[in-house]
Structures are given as structure tokens and as C-alpha cells.
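Quick notes on the structure that follows.
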Amino acid sequence: MSRRDFIVQLEGHRLTTAQIHYYRPDAPSLLQLFVWQEYDLAPDFPRLFAFLEHWRREIEAPLHSVCISHEGMIRPTEWRAVDGVIDIR
């Protein structure tokens with residue numbers, strides 16, 4: 001984890017993942033999946049909605065659906081302290 005990621009988490013941002021289904025411009029009957037992931041603020045998701053607005057404005061592929069999920073809180077990594085010595089012979 002980079003320093004920037006940790007700082008934005010302390011400011012309330014959480015890891016947000018969006019599955020964006022869109023119609024392919026060259027084959028409009030087919031759906032394609034794009035996965036977007038960034039630290040964002042729930043429930044307003046300003047970074048995600050700015051990205052989606054950019055998509056609507058600049059990318060020719062029309063959106064079909066967007067599924068959003070985000071991490072609820074900062075939590076410790078999977079580790080535990082061990083009291084004692086492990087002797088491997």
C-alpha cells in the first residue's frame with residue numbers, strides 16, 4: 001500500500017470497485033466488461049461518477065449497467081503475533 005492510499009483511507013475514502021458493462025461500438029449486440037477500481041467516498045462516489053461522466057462524454061461505447069462495491073472500513077491485515085520460539089532442526 002502506498003502512502004497516498006493510506007492517507008486517503010484515513011480521510012474516509014474506501015476501496016471502490018465498479019463493474020461497468022457497455023455495448024461494443026463495433027458490435028452493438030455484444031456486451032463488454034470493464035473493471036474500475038479506486039479509493040472513493042461512499043455513498044456519493046464522486047470519483048466514480050466523474051469517471052462515468054467522462055465515459056459518457058468521450059467514449060463512444062454506450063453504458064449498459066454499473067455494479068458498485070466498496071470496502072466498508074480499514075482493517076488489519078491477516079497476521080497475528082506469536083509468543084515463543086519455534087526451533088526447526
Point-to-point distance, once rounded to the nearest 0.5 Å, from CG of L48 to CG of L41: 12.0 Å

Can a donor-acceptor pair be found, under 3.5 Å and without considering hydrogens, that links the side chain of W55 to the backbone of A61? yes

Electrostatic pair E38:R4 at N-O distance under 4.0 angstrom: yes

What is the ring orientation for H54 with F51, classed by angle as parallel under 30°, tilted 30 to 60°, or perpendicular over 60°? tilted

Determine, using the 4.5 Å side-chain heavy-atom cutoff (strictly less than), whether I59 and L31 are members of one ILVMFWY cluster. no

Stepwise ring pair (Phe, Tyr, Trp, His ring centres under 6.0 Å) test for H70 and F45: CA-CA 10 Å; H70 70 80; F45 301 108; 5.7 Å; yes

Are Y39 and I7 connected, step by step, through hydrophobic side chains (Ile, Leu, Val, Met, Phe, Trp, Tyr) whose heavy atoms are closer than 4.5 Å? no

Determine whether V66 and Q19 make a side-chain contact, defined as any pair of heavy atoms from C-beta on separated by less than 4.5 Å. no

For the atom pair CG (L63) and CG (L52), what is the distance rounded to the nearest 0.5 Å? 6.0 Å

According to a 4.5 Å side-chain heavy-atom criterion applied to Ile, Leu, Val, Met, Phe, Trp and Tyr, with indirect links allowed, do V8 and W36 form part of one hydrophobic cluster? no

Aromatic ring proximity, centroids under 6.0 angstrom, H64 and Y23: yes

T16 OG1 to R47 CZ distance, which is reported to the nearest 0.5 Å: 10.0 Å

When you measure from the side chain of R14 to the backbone of A42, do you find a donor-acceptor pair of N or O atoms at a distance under 3.5 Å? no

In Å, rounded to the nearest 0.5 Å, how long is the span from CZ of F49 to CG of D40? 8.5 Å

So, the side chain of H21 versus the backbone of L33: is there a donor-acceptor pair under 3.5 Å, distance only? no

